[in-house]
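Everything below concerns the one structure shown next.
We name chains A, B, ... by the order of the sequence lines, and we start the count at 1 in each one.
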2 protein chains.
Amino acid sequence: MAKYQIFVTAKKGIFDPAGTISKNALGNLGYEGINDVKIGKFIQMDVDDSVTVEDIEEMCEKLLANPVIEDFTIGAED
Amino acid sequence: MAKYQIFVTAKKGIFDPAGTISKNALGNLGYEGINDVKIGKFIQMDVDDSVTVEDIEEMCEKLLANPVIEDFTIGAED
(Lines give C-alpha, C1' and ligand atoms only; values in the text may rest on other atoms or scores of the structure.)
Protein backbone atom coordinates (compact mmCIF):
# COMPACT_ATOMS: atom_id res chain seq x y z
CA MET A 1 0.00 0.00 0.00
CA ALA A 2 1.28 3.42 -0.95
CA LYS A 3 0.07 6.76 0.30
CA TYR A 4 0.11 9.97 -1.69
CA GLN A 5 -0.70 13.53 -0.75
CA ILE A 6 -1.91 15.94 -3.40
CA PHE A 7 -2.04 19.71 -2.97
CA VAL A 8 -4.39 21.50 -5.36
CA THR A 9 -4.11 25.30 -5.53
CA ALA A 10 -5.60 28.00 -7.75
CA LYS A 11 -3.24 29.08 -10.54
CA LYS A 12 -1.66 32.53 -10.24
CA GLY A 13 -4.21 35.14 -11.31
CA ILE A 14 -7.24 32.90 -10.79
CA PHE A 15 -9.66 34.35 -8.26
CA ASP A 16 -9.95 32.32 -5.05
CA PRO A 17 -13.24 33.46 -3.45
CA ALA A 18 -12.99 31.21 -0.37
CA GLY A 19 -9.54 32.61 0.40
CA THR A 20 -10.59 36.23 -0.08
CA ILE A 21 -13.70 35.81 2.06
CA SER A 22 -11.69 34.09 4.83
CA LYS A 23 -9.12 36.90 4.80
CA ASN A 24 -11.87 39.51 5.16
CA ALA A 25 -13.67 37.50 7.85
CA LEU A 26 -10.46 37.21 9.89
CA GLY A 27 -10.10 41.01 9.63
CA ASN A 28 -13.69 41.43 10.82
CA LEU A 29 -12.95 39.14 13.79
CA GLY A 30 -10.21 41.59 14.81
CA TYR A 31 -7.10 39.78 13.55
CA GLU A 32 -4.45 42.12 12.14
CA GLY A 33 -1.51 41.45 9.88
CA ILE A 34 -3.21 38.89 7.62
CA ASN A 35 -1.85 39.67 4.16
CA ASP A 36 -3.14 36.76 2.12
CA VAL A 37 -5.21 33.60 2.54
CA LYS A 38 -5.45 30.97 -0.19
CA ILE A 39 -7.65 27.92 0.10
CA GLY A 40 -7.03 24.84 -1.98
CA LYS A 41 -7.61 21.11 -1.68
CA PHE A 42 -5.59 18.58 0.31
CA ILE A 43 -6.14 15.08 -1.06
CA GLN A 44 -4.88 11.93 0.64
CA MET A 45 -4.88 8.70 -1.37
CA ASP A 46 -4.27 5.12 -0.26
CA VAL A 47 -3.47 3.00 -3.29
CA ASP A 48 -2.03 -0.40 -4.11
CA ASP A 49 1.70 -0.53 -4.88
CA SER A 50 0.81 -1.21 -8.53
CA VAL A 51 -0.41 2.39 -8.87
CA THR A 52 2.43 4.66 -10.01
CA VAL A 53 2.93 8.37 -9.46
CA GLU A 54 2.28 8.80 -13.21
CA ASP A 55 -1.15 7.22 -12.68
CA ILE A 56 -1.82 9.66 -9.83
CA GLU A 57 -0.79 12.54 -12.09
CA GLU A 58 -3.24 11.35 -14.75
CA MET A 59 -6.04 11.07 -12.15
CA CYS A 60 -5.33 14.66 -11.08
CA GLU A 61 -5.51 15.89 -14.67
CA LYS A 62 -8.70 13.97 -15.43
CA LEU A 63 -10.68 14.27 -12.22
CA LEU A 64 -9.10 15.50 -9.00
CA ALA A 65 -7.95 18.92 -10.23
CA ASN A 66 -9.01 21.25 -13.02
CA PRO A 67 -5.76 21.88 -14.90
CA VAL A 68 -7.21 24.98 -16.61
CA ILE A 69 -7.46 26.91 -13.35
CA GLU A 70 -5.59 24.79 -10.81
CA ASP A 71 -2.04 23.61 -10.17
CA PHE A 72 -1.31 20.41 -8.30
CA THR A 73 1.69 18.93 -6.50
CA ILE A 74 1.99 15.25 -5.66
CA GLY A 75 3.98 14.02 -2.69
CA ALA A 76 4.58 10.47 -1.49
CA GLU A 77 3.97 9.63 2.15
CA ASP A 78 5.97 6.85 3.82
CA MET B 1 6.39 38.17 6.59
CA ALA B 2 5.72 34.61 7.67
CA LYS B 3 4.02 31.87 5.71
CA TYR B 4 1.95 29.10 7.20
CA GLN B 5 0.36 26.03 5.66
CA ILE B 6 -2.71 24.51 7.26
CA PHE B 7 -4.07 21.06 6.47
CA VAL B 8 -7.71 20.52 7.40
CA THR B 9 -9.01 16.95 7.32
CA ALA B 10 -12.23 15.23 8.39
CA LYS B 11 -11.97 13.60 11.82
CA LYS B 12 -11.85 9.80 11.95
CA GLY B 13 -15.37 8.45 11.52
CA ILE B 14 -16.75 11.64 9.92
CA PHE B 15 -18.15 10.99 6.45
CA ASP B 16 -16.18 12.66 3.65
CA PRO B 17 -18.58 12.70 0.67
CA ALA B 18 -16.15 14.39 -1.75
CA GLY B 19 -13.55 11.71 -1.05
CA THR B 20 -16.00 8.82 -1.41
CA ILE B 21 -17.41 10.21 -4.66
CA SER B 22 -13.92 10.76 -6.08
CA LYS B 23 -12.88 7.20 -5.18
CA ASN B 24 -15.96 5.81 -6.95
CA ALA B 25 -15.48 8.10 -9.96
CA LEU B 26 -11.85 6.94 -10.33
CA GLY B 27 -13.12 3.35 -10.29
CA ASN B 28 -15.67 4.21 -12.98
CA LEU B 29 -12.88 5.75 -15.08
CA GLY B 30 -11.13 2.36 -15.01
CA TYR B 31 -8.48 2.96 -12.34
CA GLU B 32 -7.83 -0.04 -10.14
CA GLY B 33 -6.18 -0.35 -6.74
CA ILE B 34 -7.60 2.87 -5.24
CA ASN B 35 -8.33 1.95 -1.62
CA ASP B 36 -9.19 5.31 -0.14
CA VAL B 37 -9.47 8.96 -1.12
CA LYS B 38 -9.87 11.73 1.44
CA ILE B 39 -10.37 15.35 0.49
CA GLY B 40 -9.64 18.14 2.90
CA LYS B 41 -8.53 21.76 2.71
CA PHE B 42 -5.06 23.14 2.08
CA ILE B 43 -4.79 26.70 3.39
CA GLN B 44 -1.82 28.96 2.71
CA MET B 45 -1.48 32.12 4.80
CA ASP B 46 0.87 35.09 4.43
CA VAL B 47 0.97 37.02 7.69
CA ASP B 48 3.09 39.67 9.38
CA ASP B 49 5.81 38.46 11.73
CA SER B 50 3.72 39.75 14.66
CA VAL B 51 1.22 36.92 14.07
CA THR B 52 2.16 33.86 16.13
CA VAL B 53 1.41 30.20 15.51
CA GLU B 54 -0.95 30.39 18.54
CA ASP B 55 -2.90 33.11 16.69
CA ILE B 56 -3.12 30.86 13.62
CA GLU B 57 -4.36 28.01 15.83
CA GLU B 58 -7.08 30.29 17.24
CA MET B 59 -8.10 31.36 13.70
CA CYS B 60 -8.42 27.70 12.72
CA GLU B 61 -10.62 26.95 15.73
CA LYS B 62 -12.80 30.01 15.18
CA LEU B 63 -13.11 30.20 11.41
CA LEU B 64 -10.89 28.17 9.12
CA ALA B 65 -11.79 24.69 10.39
CA ASN B 66 -14.77 23.22 12.20
CA PRO B 67 -13.20 21.57 15.27
CA VAL B 68 -16.30 19.44 15.85
CA ILE B 69 -15.81 17.46 12.65
CA GLU B 70 -12.36 18.46 11.40
CA ASP B 71 -8.75 18.13 12.52
CA PHE B 72 -6.10 20.62 11.47
CA THR B 73 -2.31 20.68 11.35
CA ILE B 74 -0.29 23.88 11.08
CA GLY B 75 3.11 23.98 9.42
CA ALA B 76 5.48 26.91 8.94
CA GLU B 77 6.91 27.58 5.50
CA ASP B 78 10.32 29.27 5.19
Atom pair CZ (A:Phe7) and CZ (B:Phe7), whose distance is rounded to the nearest 0.5 Å: 4.5 Å
Transitive ILVMFWY side-chain link A:Ile56 to A:Phe42, under 4.5 Å: no
Cluster check A:Phe72, B:Val8: I/L/V/M/F/W/Y, side chain < 4.5 angstrom: no
Pick from A:Ala2, A:Ala18, A:Gly33 with the largest number of heavy-atom pairs that fall under 4.5 Å of chain B: A:Gly33
Interface moiety of B:Leu63 toward chain A, non-hydrogen atoms closer than 4.5 Å: side chain
Audit row: B:Leu26, A:Met45, side-chain contact (heavy atoms from CB on, under 4.5 Å) steps and yes/no: CA-CA 11 Å; B:Leu26 288 170; A:Met45 292 183 76; 3.8 Å; yes
Between A:Val51, A:Ile6, A:Ile43, the one whose heavy-atom pairs under 4.5 Å with chain B are most numerous: A:Ile43
Linked, directly or transitively: B:Leu64 and B:Ile69 (ILVMFWY side chains, under 4.5 Å): no
Record all donor-acceptor atom pairs with a distance under 3.5 Å between chain A and chain B; write none if the list is empty.
| from | atom 1 | to | atom 2 | distance (Å) |
| --- | --- | --- | --- | --- |
| A:Tyr31 | OH | B:Glu58 | OE1 | 2.5 |
| A:Gly33 | O | B:Asp48 | N | 2.8 |
| A:Asn35 | N | B:Asp46 | O | 2.8 |
| A:Asn35 | ND2 | B:Asp48 | OD1 | 2.9 |
| A:Asp36 | N | B:Asp46 | O | 3.1 |
| A:Asp36 | O | B:Asp46 | N | 2.9 |
| A:Lys38 | N | B:Gln44 | O | 2.8 |
| A:Lys38 | O | B:Gln44 | N | 2.8 |
| A:Gly40 | N | B:Phe42 | O | 2.7 |
| A:Gly40 | O | B:Phe42 | N | 2.9 |
| A:Phe42 | N | B:Gly40 | O | 2.9 |
| A:Phe42 | O | B:Gly40 | N | 2.7 |
| A:Gln44 | N | B:Lys38 | O | 2.8 |
| A:Gln44 | O | B:Lys38 | N | 2.8 |
| A:Asp46 | N | B:Asp36 | O | 2.9 |
| A:Asp46 | O | B:Asn35 | N | 2.8 |
| A:Asp46 | O | B:Asp36 | N | 3.1 |
| A:Asp48 | N | B:Gly33 | O | 2.8 |
| A:Asp48 | OD1 | B:Asn35 | ND2 | 2.9 |
| A:Glu58 | OE1 | B:Tyr31 | OH | 2.5 |

Chain A contact via B:Leu29 - which portion, at a heavy-atom distance below 4.5 Å: side chain
Common cluster, B:Met1/B:Val47, ILVMFWY with side-chain heavy-atom separation under 4.5 Å: no
